[in-house]
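Shown next, in structure tokens, is the structure this report addresses.
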Amino acid sequence: MSKVHVKTGDTVILLTGKYEDKYTSKDERKTGKIVEVSPKEGKVIVEGINMITKHVKPTRMGEKGGIIKTEAPVYASKVQLVCPKCGKPTRVGHVIEDGKKLRVCKKCGKSFE
């Protein structure tokens, strides 16, 4: 199992993203909350980022099928944690306090927990 630097519920910013054309980016520098983390694949699902359209068939009688929009996974290396205190994208540091390992902001030094 490989480690991922973010957890479910963290606010992150997308460093690189899908491009609509040569000059503009659709998802780059957007922020969102992490919905799901998959450390085995090294991917995360971020709310409102990397949206895809999915064709869904009706599975039961009376249920409707159609085209739905959903979030697709993004590599964890392409997202950076946003500090809730200073509001800036930052790297994660670790400090041990009272026998617990805490994640801290590298810019302002405040704890994420």
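Start at 1 with the first residue, then count along the sequence.
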*asked:* Between S38 and P73, is there a side-chain heavy-atom distance shorter than 4.5 Å?
replied: no

*Heavy-atom donor-acceptor pair, S2 side chain to P39 backbone, under 3.5 Å*: yes

*If every non-hydrogen atom of T11 is compared with every non-hydrogen atom of L81, which pair is closest and at what distance?*
O-CD1, 3.7 Å

*asked:* Are more than 12 heavy atoms, taken from residues, nucleotides or ligands other than K110, located less than 6.0 Å from that residue's NZ atom?
replied: no

*Let me see the working for F112 and V6 under side chain to side chain contact (heavy atoms under 4.5 Å, CB included), right down to the final yes or no.*
CA-CA 11 Å; F112 286 108; V6 289; over 6 Å; no

*Of all the heavy-atom pairs spanning K106 and T90, show the shortest one and how long it is.*
N-OG1, 3.3 Å

*For M51 against E71, the heavy-atom pair lying closest together*: SD-CG, 3.6 Å

*Sort and list the pairs that fulfil side chain to side chain donor-acceptor pair (under 3.5 Å) and have at least one residue in residues 93-105, not counting sequence neighbours.*
D10-R103, R103-E113

_Return the NZ to OG1 distance between K64 and T59, rounded to the nearest 0.5 Å._
14.5 Å

_Gap between atom CD of Q80 and atom NE2 of H5 - 0.5 Å precision_ = 7.0 Å

*Looking only at heavy atoms, what is the nearest atom pair of K107 and P89, with distance?*
NZ-O, 3.1 Å

_Restricting to non-hydrogen atoms, name the atom on A76 and the atom on V4 that form the minimum distance, rounded to 0.1 Å._
CB-CG1, 3.6 Å

*Please assess I68 against H55 for the test side chain to side chain contact (heavy atoms under 4.5 Å, CB included), listing each intermediate value before the final yes or no.*
CA-CA 7 Å; I68 60 165; H55 295 261; over 6 Å; no

_Side chain proximity check, R29 to I13, heavy atoms < 4.5 angstrom_ = yes

*asked:* One pair to check against side chain to side chain contact (heavy atoms under 4.5 Å, CB included): L14 and V46. What are the steps and the verdict?
replied: CA-CA 9 Å; L14 195 68; V46 184; 5.8 Å; no

_Single-linkage hydrophobic cluster V82~V79, side-chain heavy atoms < 4.5 angstrom_ = no

*Might you point out which heavy atoms bring V104 and S111 nearest each other, and give the distance in Å?*
CG1-CA, 4.0 Å

